[in-house]
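Read through the structure below, which is laid out as structure tokens, and then see the notes.
Residue numbers start from 1 in every chain, and the chains themselves are labelled A, B, ... in the order their sequence lines are given, proteins ahead of strands. All of these numbers come straight from a predicted model, not from anything done at the bench.
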Amino acid sequence: MIPYKKQAYKLLHQGAIALAQVEGNGIQIDTDYLKKCIFKTEKKIEKLKHKLEQGDVAKKWKRVYGWKTNFNSNDQLGKILFDHMGIEGGVLTKSEKQYQTDEKSLMAVNHPFVKRHLQIKKLQKALATYLKGIQREVVDGFLHPFFNLHTTTTFRSSSDSPNFQNIPVRDKGMGKLIRTAFIARPGRQLVELDYSQLEVCIAACYHKDPVMIEYISDPEKDMHRDMAMECYLLSAKQVTKDSRFYAKNCFVFPQFYGDWYIDCARALWEAITTADLKTEKGTPLKEHLAKQGITELGNLDPDEKPRKGTFERHIQQVEKRFWQERFPIYDKWKKHWYSKYLGQGWMLTKTGFICQGFMKRNEVINYPVQGSAFHCLLWSLVRLVKEIKKRKMKTLIIGQIHDSILADVPPEELDDFLVLAQDVMTTQLVKEWDWINVPLSIEAEVCPVGGSWVDKEDVEIPK
DNA sequence: AAACAGTGCGCG
DNA sequence: AAAGCGCGCACTGTTT
């Protein structure tokens, strides 16, 4: 992909300058905490490793591998579990060179040794990639991650040394361990501004599906709740926060990215057990589905027509209705956009970039959306950096994560900054780019003075 | 010693 | 016919 329109070139040029300033500003790190945390985590890992090595499985492992024994080796782990211990259900990786030993596969093994092994692996990830990775890059108490505009195929950004765009947050324990190290400058506070469902909005700018635009524009409507109702056969009242969450992440988003019913059905079905999904009155969803004639998952065999009464068949029908009845215009756009690419071998994004070369169908559908969504953030960041300078504010932009901005703000500037950011990111941006045909909105999170990045809390943006 | 492929895992 | 997109980083094990 190369910048094509003059506007596209200009955006990257100004973006590079603004991001260089962001890099220069840097993020303050609580180096004392970091040091102590590394020490503690190392001790914890040592203890767990010691316990692990006492057990029978470890002894067997040492007998088999002798001096080559390496408890970090996934290849060895797989062979010990599935070949030497005879545990059933080992699955080979795509290249068939070793067994799959990712967290999900191993959870299915359900063995105390494996549980401890996973726990150690998680802590080692936290220690090696994050705690030590951050410490290695700190200079005079500040971290200066790079933000690149020249590395990705979609013309999103990337970040490295360290990567600021994948700091743990979903796992609460891990999030706390790492994010406690990220602090604001003395007497100031961290502020994070996120676009709400930016990629969904930008996709709508391409396909212009009126039903989707309605979902985005009407705060009363809720796409993920509606799909939870369909996937799990619930009434609006019966949908819980959890069932909505899994409908969103196992069906809606995967469908937007080009997934298909087989994998969606598997994920939705597994979620019922692993997340203990129930109706609002507490009926387990498997029981609830059984009452409506769905008693099993099905074989999930692509070459086989799904049988009646299987969840697989149900989701196949949900998928069909999703594209043919709920979002037919979106569906048509996908087909048209792809066939246009097949005809000419390239495509032009809303932000003026050309994507060219060999691309798979799902890539053709996704690249323009992903790129343009990030360009909304980049344009806003450029404008914000300029406005802050013009107004002689002390606020500093210190990072960016695809659809969000992190700033280090003095409390006396907080309200002004929130108002300014909202104006730039929603009103000014939409004014600048007339192809944006849906309202954009942002959410703000603020950390207390003296707190750290873990302590962020939602705040209302003043009018 | 350096480079490479493969696997896994963190984020949007 | 294919079957979810984009990244960076650590680590194993092999090849150069």
B/S/- contact track for nucleotides 6-12 of chain B, protein heavy atom under 4.0 Å: SSBBBBB

Sugar-phosphate, base or nothing in reach of A/Ser157, heavy atoms under 4.0 Å: nothing

Sugar-phosphate, base or nothing in reach of A/Gln76, heavy atoms under 4.0 Å: sugar-phosphate

Span of DNA chain C, from the first to the last nucleotide whose atoms fall under 4.0 Å of chain A heavy atoms: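 With heavy atoms of chain A under 4.0 Å away, the range is C/dA3 to C/dG13.
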
Short N-O contact, A/Glu270 and A/Lys104, less than 4.0 angstrom: yes

Lys/Arg-Asp/Glu bridge criterion (N-O < 4.0 Å) met for A/Asp226, A/Lys221: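 Between A/Lys221 and A/Asp226 there is no salt bridge, as every charged N stays at least 4.0 Å from the carboxylate O atoms.
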
Qualifying salt bridge (charged side-chain N to carboxylate O under 4.0 Å, His left out) pairs with a residue from residues 70-93 of chain A, counting only residues at least two apart or across chains: A/Asp75-A/Lys79

Name each donor-acceptor pair under 3.5 Å that joins a side chain in residues 193-200 of chain A to protein atoms two or more places apart or in another chain, with its distance.
from: A/Tyr195; atom 1: OH; to: A/Ser380; atom 2: OG; distance (Å): 2.9
from: A/Tyr195; atom 1: OH; to: A/Met425; atom 2: O; distance (Å): 2.6
from: A/Ser196; atom 1: OG; to: A/Ser441; atom 2: O; distance (Å): 3.2
from: A/Ser196; atom 1: OG; to: A/Ser441; atom 2: OG; distance (Å): 3.0
from: A/Ser196; atom 1: OG; to: A/Glu443; atom 2: OE2; distance (Å): 3.2
from: A/Glu199; atom 1: OE1; to: A/Tyr257; atom 2: OH; distance (Å): 3.1
from: A/Glu199; atom 1: OE2; to: A/Arg156; atom 2: NH2; distance (Å): 3.3

A/Trp379 and A/Trp433 aromatic ring geometry - parallel, tilted or perpendicular at 30°/60° bounds: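 Tilted.
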
Plane angle bin for A/His224 and A/Phe253 - parallel if under 30°, tilted between 30 and 60°, otherwise perpendicular: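 Tilted: the ring planes of A/Phe253 and A/His224 meet at 30° to 60°.
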
Neighbour count >12 (heavy atoms, 6.0 Å) for atom CD, A/Glu457: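 Counting other residues, nucleotides and ligands, CD of A/Glu457 stays at 12 neighbours or fewer.
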
Sole residue of A/Tyr341, A/Tyr4, A/Trp346 in side-chain contact (heavy atoms from CB on, under 4.5 Å) with A/Gln356: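 Filter result, single survivor: A/Trp346.
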
Mind listing the side-chain donor-acceptor pairs of residues 313-320 of chain A below 3.5 Å, one per line with the distance, residues two or more places apart or on another chain?
from: A/His314; atom 1: NE2; to: A/Glu230; atom 2: O; distance (Å): 2.9
from: A/His314; atom 1: NE2; to: A/Cys231; atom 2: O; distance (Å): 3.0
from: A/Glu319; atom 1: OE2; to: A/Gln255; atom 2: NE2; distance (Å): 3.0
from: A/Glu319; atom 1: OE2; to: A/Tyr261; atom 2: N; distance (Å): 2.9

Secondary-structure stems for DNA chain C, with pairs counted as Watson-Crick or G-U when both distances are under 3.5 Å and runs at least 3 long: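 Listed by first number, the stems are B:1-12 with C:5-16.
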
Whether A/Tyr206 side chain and A/Pro368 backbone form a donor-acceptor pair below 3.5 Å: yes

